[in-house]
Each structure stands twice: as structure tokens, then as C-alpha cells.
**Q** 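Provided herewith is a single structure, encoded as C-alpha cells, for subsequent inquiry.
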Amino acid sequence: MLQGKTALVTGSTSGIGLGIAKALARQGANIVMNGFGDADGPRAQILEAGRAHGVKTGYHGADMSRPAEIEAMMRYAADEFGRVDILVNNAGIQHVASIQDFPVERWDAIIAINLSSAFHTTRLALPAMLKADWGRIINIASVHGLVASACKSAYVAAKHGIVGLTKVTALETAPTGVTCNAICPGWVLTPLVQKQVDAKAQERGVSNDEAKKLLLGEKEPSMHFTTPEQLGELAVFFCSAAGDNVRGVAWNMDGGWAAQ
Ligand code: NAD
């Protein structure tokens, strides 16, 4: 379905971004990877997922908090692959603290990585998408783009912000073949959430498994984590022809979290 297209997925060396990159590769899209840490292991998984289509991968290690590095990454993608057809803004970090104790440096980093980076990639990807009259921009927001939790001020502000950016991008592209939508996951068991499981286990003096149940029980009625594979399939749907007129939605996959 996506042969000949190129998808750039920020933060695709881990977790949700890797799951989405694999799902898009399975449909034949070439993947430009980004993110910190080991890239070879994730790259092998993406190549394996796209093997039937002979997909190609690239990698750029831009720090999403730095606009100049984001510009270099977008130039790299255009030079190596022609253009970015599918942009998945996924890179993100978390910090948990009350507002009065929130480190200013963490606030700035979260706003830069979880929100401003998507403005930069979007503004740089749009001209070629509009020229081709086809494109998909998928912003990985969060259920925290729809509702709040205490002690996550920067994250909730950034995620509400990216839902707003999604709607504006969708409106500005509405008469074209470019769509923009957001995905809003509940708990997904990635390194980002494992840190919160560890903190809960420590705070309550319980096992890892008990801490996971406590975390789910507080927020997610299904008592199941959403998986990167499930989120990848939702991204594939947004990229399909059936998604041509889905514009500006913030689609939660959250086990009922936001329904409460
Ligand atoms: P993760 O920690 O597994 O992956 C984060 C990715 O972003 C990694 O590849 C990391 O290297 C990259 N990254 C972090 N800072 C970066 C930077 N400055 N520049 C470039 N890359 C950077 O986390 P995840 O859970 O897969 O999170 C992915 C996205 O999904 C985030 O935007 C997160 O807010 C969102 N999300 C996660 C959950 C969850 O429960 N895990 C729920 C809702 C939304």
C-alpha cells in the first residue's frame, strides 16, 4: 500500500515510534529513523518488517530540541529519499513533578521536544507534500492531549498544544491531498512508562507487576496497556485511502481512559 513512499518517524529507535516505523515498513514505506541510543537493532527490526517490499532505511540523529538539527534532518531526508511523504512526530520525553517543584530546564526541554519540534518538522515537510498533493502528518499526542493528570504540567501542556497544532495543520491543508491527525495513546509499556512503573513500585514498596496494576487501575478501565503494534496499525489506517478525508482528529487508543 505504501510502496515508493518515505516515512520519517522521529524517536523511532524505541517504543511507539519503532512500532509505527515497523508497521509502515510492513506496508512498503521506506523509513527515515531518528532518535537516541542504538539505531542498529531497531533498524534491523524495520528492515525485517519491510523485507517483502525491499524497503530502505536512513537514520539522522538530530536532537529534536534543536531547530538547526531538525533542519539538517529534513534536508538529509530530502537529499536521500527525494521527499518525506509521511511525517510521524513521535519523539517525546516525560518528567513528573508538581508545578512548584518543576525544574525550569525540564519544562523547556519538554515543550521543545514534545511540541515545538513538530512545528519545525511540519513547516519543513509541508512544501514538498503540497507540491505532490499527497502527504500524511501524524502527531503522537497522548490521552494527556485530551485530559490532564497532576504533576505532569509540561507534558499535558505540550500534548494539548500538539492537538491544537494538529487541528490548525488539518485546516490549512484541508482542500489538498495532505492530511494531519493526532493519535492519543493511554498507557503503553515503553521505557518512558517503565520509569513511572519503577517510581510507583519504589513509592508503594510493591513488585513491578503490582505497580503496573496500580498504574492501570488509576486511569485505564480496560486494565490493558495499548501496544506499539496497535498504534502502528492506526497510523497505517491514517495513511490509507480510507483516511483521505480524516482531518484534524485526536484519536484516543486508551482503554477507556478519556471516556470516564
Ligand atoms: P520511548 O522513551 O520508548 O521513546 C522515545 C523516543 O524519542 C526514543 O527513540 C528517544 O531516543 C527519542 N527522543 C527522546 N528525546 C529526543 C530528542 N531530544 N531528540 C530526538 N529523539 C529523542 O517513549 P515512548 O513511550 O515510545 O514515547 C513516544 C511518544 O509517545 C512520545 O511523544 C510520548 O509522549 C508518546 N506517548 C507515550 C505513551 C506511553 O504510555 N508510553 C502514552 C501516550 C503518548
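Excluded from the calculations below are hydrogen atoms, water molecules and symmetry mates; all remaining heavy atoms, backbone and side chain alike, are included. We count ligands from 1, going down the list as the structure has it; atoms in each ligand are counted the same way.
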**Q** Do NZ/NE/NH1/NH2 and the carboxylate oxygens of Arg43 and Asp38 come within less than 4.0 Å?
**A**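 Salt bridge: no.
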**Q** Crowded around Arg51 CZ? As in, over 12 foreign heavy atoms under 6.0 Å?
**A**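 For Arg51, atom CZ is not crowded (no more than 12 foreign heavy atoms under 6.0 Å).
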**Q** Kindly state whether the ring of His95 and the ring of Phe102 have centres lying under 6.0 angstrom apart.
**A**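 Yes - the distance between ring centres of His95 and Phe102 falls below the 6.0 Å cut-off.
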**Q** Applying the side-chain hydrogen bond (donor to acceptor under 3.5 Å, both in side chains) criterion to Asp198, which one of Gln202, Gln194, Lys195 satisfies it?
**A**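 With Asp198 as partner, Gln202, Gln194, Lys195 yield a single side-chain hydrogen bond (donor to acceptor under 3.5 Å, both in side chains), made by Gln194.
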**Q** Check ligand 1 for N or O atoms under 3.5 Å from a protein N or O and list each pair with its distance.
**A**
residue	atom	partner	partner atom	Å
ligand 1	3 (O)	Ser14	OG	2.6
ligand 1	9 (O)	Gly11	O	3.2
ligand 1	9 (O)	Thr13	OG1	2.8
ligand 1	11 (O)	Phe36	N	2.8
ligand 1	18 (N)	Asp63	OD1	2.9
ligand 1	19 (N)	Met64	N	2.8
ligand 1	25 (O)	Thr190	OG1	2.4
ligand 1	26 (O)	Ile16	N	2.8
ligand 1	32 (O)	Asn90	O	2.7
ligand 1	32 (O)	Lys159	NZ	2.9
ligand 1	34 (O)	Tyr155	OH	2.6
ligand 1	34 (O)	Lys159	NZ	3.0
ligand 1	36 (N)	Tyr155	OH	3.4
ligand 1	40 (O)	Gly186	O	3.3
ligand 1	40 (O)	Val188	N	2.7
ligand 1	40 (O)	Val188	O	3.3
ligand 1	41 (N)	Val188	O	3.1
ligand 1	41 (N)	Thr190	OG1	3.1

**Q** Can we say Arg66 and Asp63 salt-bridge, meaning some charged N sits less than 4.0 Å from an Asp/Glu carboxylate O?
**A**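 Judged by the 4.0 Å cut-off on N to carboxylate O distance, Arg66 and Asp63 do form a salt bridge.
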**Q** Find out whether the Lys NZ or Arg CZ of Lys212 is both under 6.0 angstrom from the six-membered ring centre of Trp187 and within 45° of the ring's axis.
**A**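 No, cation not above the ring by the 6.0 Å, 45° rule.
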